[in-house]
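Written below as structure tokens is the structure these notes are about.
All chains are named by letter (A, B, ...) in the order of the sequence lines, taking the proteins before the strands, and each is independently numbered beginning at 1.
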Amino acid sequence: MGVILEVKNLTKKFGGLTAVNDFSFEIKRGEFIGLIGPNGAGKTTVFNLISGFEKPSSGRIRFNGIDITGMKPYKIVNLGIARTFQLVRSFKYLSLLDNITVSCLSKRGKEVSKKTGTDNYASSILASVGLIDKARIPPIILPHGDLRKLQIGKAVGTNPELLLLDEPFSGLSFEEQLGITDLIKKLHADGVTIFITGHVLRELMTLVPRVIAMHQGKFIADGPPVQVANNKIVLEAYLGRGVKIA
Amino acid sequence: MLNLKIVKEKMNEFPSYLKSWVKTFTGSLTIFCLLILFVMPFLSANQSFTHVFLRQFSLAMIFAIFAASWDLLTGISGQISFGHAIFFGISGYICAYLIKYQSFPIWISIIISTVVAVFFGLAIGFPLLRLKGPYLALGTLAMSLILLKLFLMGSLADWLFGSEGISALPGLAATPVIEYFILFIFMILTFVILIQISKSKFGTILKSIRDDEVGSDASGINTTKYKIYAFMLSSFFAGLAGGFYALYIGAVNPTGNFGTVLSFFAILMASLGGLATISGAALGAFFFIFLEYALIEIGVVEIGNLAIDFGLYKFAIFAVILIVIIRFAEHGILKPLLERLKDLWDLLLGR
Amino acid sequence: MIVDIMNMLFNGTLTGAVYALIAMGYSLVYGVGGIMNLSHGAYFMLTGYLLLWMLQTPFFIGLEWLTVVFALIIITVIGGLTFLLLVKPLQDSHVAVVIVTFGLAFLLEQVVLISPSGTEVWSIGQLRLFQGYTMVFGYPIVHQYVFLIVMSIVIVLLFALFINKSKLGKSIRAVSQDREAAGLMGINASRILLYTVMISALLAGLAAFLYLPGASLDGPSMGWGYLLNSFAVVILGGMGSLIGSVAGAFIVGYTISFTNVFVPYGPSWAHLVPIIIIIVILLIRPQGLFGKKELR
Amino acid sequence: MEKLAKRIIAIVIIAGLGVGGGLGAWFLFLAPGAGEYSWSSKDCPGAPSGISSDQIIKFGITGDVGEITGDGAWEGCYLAAKEINEAGGIKINDTTYYIGVTREDSDEANPNLVTSRGIAAAERLVYNKKVQFGIGGFRSEALLAYQEVFMDNEIIFINTGAATDVFCENVRSWYTRYKYFWRSMPINSSSLGEQIFNYLFRLIYVLNATYSGEIANVGIIYEDLTWTEDLVTGIEYYFGPYGPLPAYRNMLTANIPYDVTLTAADMLTHVNTLMAADCDIVIPIISAQGGLMLMQHYATLQPNFLVVGIDVQSQLDTFWTQTNGDCIYEIQMQSIHVTNKTPTTIPFWNAFRAEWGHDPLYTASGSYDALNFIVWAINETQSLQAYPTLTQKMETATKANILANPELFPSSVGGLGAYWPTTHDLVAGYPFGFTLFCQWQANATKVIMPSYNSVYIDSQLSNIGTLILPPWLITDWTT
């Protein structure tokens with residue numbers, strides 16, 4: 001159970017605005033961990049920094065002992081960190097199968113798909129996210145829930161060690177949320193370390209054994225969900241200053 | 001990227017693969033068109049036919065290769081280029097220079113000029129690929145204009161041959177029929193290669209970059225690398241077309257080989273046929289060349305007192321047709337046309 | 001030396017004033033609707049020829065000022081029609097808009113070309129409002145061009161006022177910032193875009209009216225050169241930034257006139273300079289000198 | 001039932017498509033392929049109707065349709081053909097032949113040149129219309145490409161518009177291939193340079209004598225293209241520090257090459273640069289819109305220099321209206337004007353004006369001469385064979401032969417026609433190919449300038465006017 005991801009003193013400034021401020025945490029291999037905070041807390045920025053879509057102003061990120069600070073996104077993916085986006089992204093004129101195939105053609109994806117063949121591998125992933133019956137259609141006509149699944153499928157295709165899921169539940173109905181939850185649990189059971197964000201506390205509470213809370217770019221709490229949920233600062237962050245919790 | 005084993009497997013199943021493809025509607029239609037193109041030169045030995053009409057076909061084939069190369073870069077990979085004449089022109093000039101001033105054989109010159117075009121693709125693609133969408137379009141346009149203006153300058157004529165370029169080159173072949181077949185073979189090769197590329201895993205990656213570059217990056221794809229591959233591949237075929245064009249014309253000059261109008265020819269042809277279809281480029285090129293041919297052929301038509309000279313108004317008429325087609329068939333005319341034809345065909349067979 | 005500097009400054013300002021008018025509209029349309037209107041240069045050219053044709057018509061003898069009114073109305077309407085008939089239905093596809101507006105520009109060029117006066121160059125000096133020149137530091141300042149520069153500044157200021165203060169201007173800004181949000185606020189984005197394209201055509205027409213009487217109609221293909229330099233201006237200033245396009249126009253203007261005056265053999269390089277500017281700016285600062293957001 | 005109906009509809013539509021496609025294919029493949037262009041009386045202006053195709057001597061004219069230079073070439077040929085046909089055609093071995101003229105659009109004046117269009121035009125003329133002679137050509141780079149079609153087929157082609165030396169150099173260096181190429185207009189660019197220098201030297205001398213040495217500086221402004229290169233080199237040499245004539249050394253104070261896409265504001269800069277360089281004479285070498293801009297600014301700024309040079313647009317009679325009279329005082333070279341360059345020049349001029357309603361451009365007089373020259377050779381040899389018969393006959397039109405027996409050779413309107421046998425180029429210099437220097441003067445009149453016998457013998461030409469200097473220039477030079 002070594003440390004898989006180590007984030008130290010991470011800071012990101014956009015002009016005058018500090019989106020992430022001196023943020024540090026560690027994730028151990030095989031963990032299932034959540035990042036919570038109200039809207040605008042900087043969760044997505046943290047993910048962008050880890051996955052290389054933005055470069056930190058200062059601070060260090062280490063993955064499996066390798067310094068990945070400021071690396072290009074695809075290199076980070078090829079080291080084993082995959083991510084999904086809060087706003088769904090898909091290759092809208094490619095079939096679902098091809099959407100997954102692209103990931104399977106990445107460096108790590110290829111290592112796995114070599115044995116079974118890219119198409120088979122992609123189909124198996126598509127099957128595992130429950131979209132195999134729609135393999136030939138393009139994503140533009142899919143419902144939102146399926147797009148979320150596709151996102152996860154695309155991330156899984158790169159054969160990640162660490163999976164960053166940015167708000168995987170947003171905009172979904174309750175049934176759809178359940179489906180996604182099962183999927184994530186299954187992935188975790190397969191040995192993927194999962195790091196998940198959410199701004200609705202309740203969604204994550206039952207799912208993850210550990211959460212990190214942040215507010216206005218700052219670290220505020222780390223621990224089991226129940227403990228964090230009762231943290232005074234967290235509550236203030238969510239409900240506003242001065243609100244008394246009875 | 002290329003797995004030899006898979007290629008071998010594909011080769012083994014090739015006959016059956018081909019057989020099943022021929023049975024499809026598009027397959028049989030393609031074979032039909034190719035057959036027509038194949039027998040075309042034997043229809044008449046009349047000079048007016050071989051030296052005028054067939055030459056238009058040869059020209060259309062050159063432009064088909066050129067437009068298809070543009071389609072690979074823009075339609076498939078989503079990198080909008082308004083300056084494709086860069087590769088077309090550079091290759092033509094190198095080819096002309098080697099033949100005229102270094103007395104290289106024609107084919108070696110074409111090979112060298114195509115390779116040089118690929119290097120240009122690399123050299124231009126590398127800095128410019130940081131740009132996206134219309135910015136890339138403007139960047140490539142600007143690059144082609146810089147080359148055009150430099151080549152045009154009288155004061156640089158000692159190095160770049162000036163506005164009159166290089167002339168009196170030998171033809172591609174002794175007769176228009178041989179020229180036709182050479183270009184026919186190269187066109188088929190180009191299209192087979194480009195269509196296979198667009199259908200391959202490599203093509204899937206290119207398309208993913210077109211649809212969502214960030215997403216492609218997040219899927220672990222080195223997008224810069226693939227975009228440069230796309231640029232180089234595209235410039236290879238553009239260069240090939242450019243070399244052929246120089247020999248088809250028998251001369252090169254700045255406006256005629258670097259002109260913005262050539263870049264727009266590629267864009268028009270490819271998008272008339274249908275973007276991202278590759279084969280649409282051929283349809284667009286043939287349509288484009290023969291529309292002009294037909295308008296000249298129709299010439300002056302007198303309706304009552306009104307005399308309309310289609311030959312003189314050909315570009316205006318062409319512009320109208322272009323606007324109408326793009327306006328009402330945004331995705332080109334190939335796909336809708338094929339679909340309608342297929343529907344009709346199915347109806348005819350009672351399916 | 002002082003004459004050379006005056007020469008450079010005055011002509012730079014003149015060129016800048018023309019490009020400011022042309023590029024401002026172009027940039028506005030891009031900023032508001034993401035539309036790359038390649039027929040923008042053709043509007044400029046066509047206004048010139050409309051003026052010429054009307055001046056050649058006996059009806060307008062003694063009514064020269066009326067030609068200006070008609071030409072500006074016609075070009076504004078053509079701008080509106082371009083949007084309604086061609087651009088609006090194709091808005092989702094970048095390439096289609098580019099091609100269809102290219103087709104239109106090409107068509108306008110051809111229509112002018114096959115008109116009786118199309119193949120030759122023309123002067124429309126009858127519309128010059130001011131004759132003569134004044135010597136300043138040994139340099140002749142042409143009155144018509146002073147008028148152009150002043151008018152250009154006035155128009156730019158009025159335009160800025162219009163965009164910032166008027167209701168329509170505010171709607172235009174709202175749409176350019178966030179189309180969906182503007183839609184939620186009850187602004188008909190598509191109608192705003194229509195107005196924007198019409199305004200841009202009007203600005204191009206105004207530029208033609210102010211500039212061409214003191215210059216000349218250089219043939220039907222003259223629009224492309226102005227379009228290209230507008231690209232340079234807009235890229236320099238940042239797409240969609242109005243201050244940027246005005247500043248960019250003057251930077252391009254001064255660069256051209258500097259090359260013309262001070263660089264040996266410069267005149268043959270002068271029009272390469274804006275293109276090189278395009279490349280350099282694109283590579284080092286793709287959002288332009290004044291642009292904030294990088295447009296996708 | 002419904003299915004059947006649909007099927008029938010499909011059959012009808014497909015049949016319709018097939019028939020339509022077939023018709024289209026027939027039109028495209030067979031019409032031009034099987035039936036070549038059929039020549040008839042309608043192609044022979046002035047000829048009686050009902051003549052057969054064999055009776056027609058077929059001339060193909062290349063050029064840009066709907067554009068002044070291309071139309072000029074066509075109009076000149078048309079007029080020549082009409083005159084010959086109306087006079088009863090020509091007799092070859094007792095058969096009457098008529099002159100047929102046809103043209104194809106090579107689109108060569110298009111700023112966005114597409115070279116393949118010129119090739120296609122030439123191919124149509126040669127292979128489809130089976131012309132026996134070709135005339136035309138204006139843009140060097142387009143002609144360089146499509147002349148090969150005529151050379152391939154051993155068809156005599158006379159160029160009437162492109163001045164570059166390279167064409168006739170081809171004839172010298174590779175006679176076996178390029179012997180069919182000739183030039184009837186204009187004189188080549190080196191000779192053009194020679195003539196303009198001769199004129200300038202003399203003009204400067206005369207002006208300096210009148211205005212006590214006021215002319216000290218000259219400036220050039222030119223399109224930075226290949227065709228201007230030799231001229232500019234010449235000017236730089238003659239007026240530069242190492243010129244052969246001491247009196248003219250170091251006169252060149254401004255040297256402005258410009259990009260052809262310049263705008264009026266750029267031209268204003270250049271005019272100011274020329275003024276700042278204190279030029280007394282400015283030599284433009286311009287073929288495109290630059291000349292109009294130059295003269296516009298000249299009229300506004302009234303700078304202290306005289307414009308003397310090449311301005312192709314200014315050769316047209318419409319230039320006055322185009323510039324609103326701003327072109328006044330400009331002196332420019334042109335090949336033809338209402339003067340007796342040869343005895344036929346003025347009749348040609350009048351006939352041309354009667355036929356077409358405007359003055360002939362140099363391509364018009366060139367193509368008129370070209371057609372007449374070929375017809376003369378046919379008449380003399382009673383043959384239509386390009387080589388050796390016609391070519392050798394045409395090659396006898398050398399300077400020495402014409403000077404010895406002018407009556408044996410055809411009359412020409414652009415100057416006595418003489419073609420160097422080795423290069424098939426027009427001989428430059430009085431009385432052969434020489435240019436006129438014309439000045440725009442008040443009331444849209446264009447007046448031939450005295451050349452002080454430097455380019456032509458002034459007393460031999462009719463309608464020679466006097467040089468009128470702009471009033472502000474006189475004020476400046478006399479004070």
Side-chain angles (χ1 to χ4, degrees), chain C residues 1 3-4 6-8 10-18 56 113-114 117-126 128 131-133 138-140 142-145 211-212 214-222 224-226 228-229 253 256-257 259-261 264-272, chain D residues 64-71 109-112 221-225 254-278 288-297 299-303 313-314 316 318-327:
Chain C
M1 194 60 201
V3 177
D4 283 346
M6 282 296 292
N7 194 2
M8 183 228 145
F10 183 73
N11 283 304
T13 317
L14 166 65
T15 314
V18 179
Q56 286 175 341
L113 193 66
I114 49 189
S117 40
T119 55
E120 291 151 38
V121 293
W122 292 90
S123 155
I124 45 171
Q126 303 97 304
R128 274 187 135 171
Q131 307 293 335
Y133 60 93
Y139 177 83
V142 181
H143 294 158
Q144 170 74 16
Y145 290 143
Y211 178 60
L212 292 177
S216 55
L217 304 184
D218 313 337
S221 57
M222 71 191 232
W224 297 110
Y226 288 92
L228 186 74
N229 282 347
I256 292 179
S257 69
T259 323
N260 269 332
V261 177
Y265 293 97
S268 61
W269 292 81
H271 282 258
L272 250 177
Chain D
D64 200 326
V65 176
E67 195 275 338
I68 50 170
T69 50
D71 285 350
N110 191 336
N112 295 314
I221 176 160
Y222 57 97
E223 294 167 348
D224 192 6
L225 295 175
N255 184 350
I256 305 178
Y258 67 80
D259 175 355
V260 274
T261 56
L262 95 169
T263 64
D266 296 322
M267 185 54 93
L268 182 66
T269 322
H270 303 333
V271 171
N272 279 308
T273 309
L274 292 168
M275 286 164 79
D278 228 6
Q289 78 277 13
L292 170 69
M293 298 175 185
L294 175 67
M295 291 321 290
Q296 259 188 323
H297 295 314
T300 314
L301 296 177
Q302 309 191 331
Q313 302 270 351
S314 183
L316 278 174
T318 47
F319 197 61
W320 182 272
T321 38
Q322 283 168 359
T323 55
N324 270 320
D326 287 348
C327 58

With only heavy atoms counted, which part of [X] is less than 4.5 Å from chain C, the side chain, the backbone, both or neither?
X: Pro111(D); result: side chain
X: Thr318(D); result: side chain
X: Met267(D); result: neither
X: Leu292(D); result: side chain

In the structure I gave you, are the side-chain heavy atoms of [X] and [Y] within less than 4.5 Å of one another anywhere?
X: Asp224(D); Y: Tyr265(C); result: no
X: Gln289(D); Y: Ser216(C); result: no
X: Leu268(D); Y: Tyr145(C); result: yes

I'd like to know which of Leu14(C), Val261(C), Leu272(C), Asn260(C) tops the heavy-atom pair count under 4.5 Å against chain D.
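Heavy-atom pair counts peak at Asn260(C).
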So, the side chain of Tyr211(C) versus the backbone of Ala265(D): is there a donor-acceptor pair under 3.5 Å, distance only?
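Yes; at least one donor-acceptor contact below 3.5 Å.
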Is there a donor-acceptor contact under 3.5 Å from the side chain of Gln313(D) to the main chain of Glu120(C)?
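No, Gln313(D) side chain to Glu120(C) backbone: no donor-acceptor pair under 3.5 Å.
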Heavy-atom proximity to chain D below 4.5 Å, by part of [X]:
X: Asp218(C); result: both
X: Ile124(C); result: backbone
X: Tyr133(C); result: side chain
X: Leu217(C); result: backbone
X: Gln131(C); result: neither

For chain C, find which of Asp266(D), Thr273(D), Thr323(D), Thr261(D) contributes the most heavy-atom pairs closer than 4.5 angstrom.
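Greatest number of close heavy-atom pairs with chain C: Asp266(D).
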Hey, which of His270(D), Met293(D), Glu67(D) has the most heavy atom pairs under 4.5 Å with chain C?
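Of His270(D), Met293(D), Glu67(D), His270(D) has the most heavy-atom pairs under 4.5 Å with chain C.
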Which heavy atom in Pro140(C) sits nearest to a heavy atom in Met275(D), and how many Å separate them?
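In terms of heavy atoms, the two residues are closest at CG-CE, 4.0 Å.
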For residues Gly214(C) and Gln296(D), report the shortest heavy-atom separation together with the two atoms involved.
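Smallest heavy-atom distance, with atoms named: O-OE1, 4.2 Å.
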In sequence, state the C-alpha distance, the side-chain angles, and the governing distance for Val142(C) and Leu301(D), and then conclude on side chain to side chain contact (heavy atoms under 4.5 Å, CB included).
CA-CA 8 Å; Val142(C) 181; Leu301(D) 296 177; 3.6 Å; yes
Checking side chain to side chain donor-acceptor pair (under 3.5 Å) between Thr269(D) and each of Asn11(C), Asn7(C), Thr15(C), which is the one that passes?
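Among Asn11(C), Asn7(C), Thr15(C), the one meeting side chain to side chain donor-acceptor pair (under 3.5 Å) with Thr269(D) is Asn11(C).
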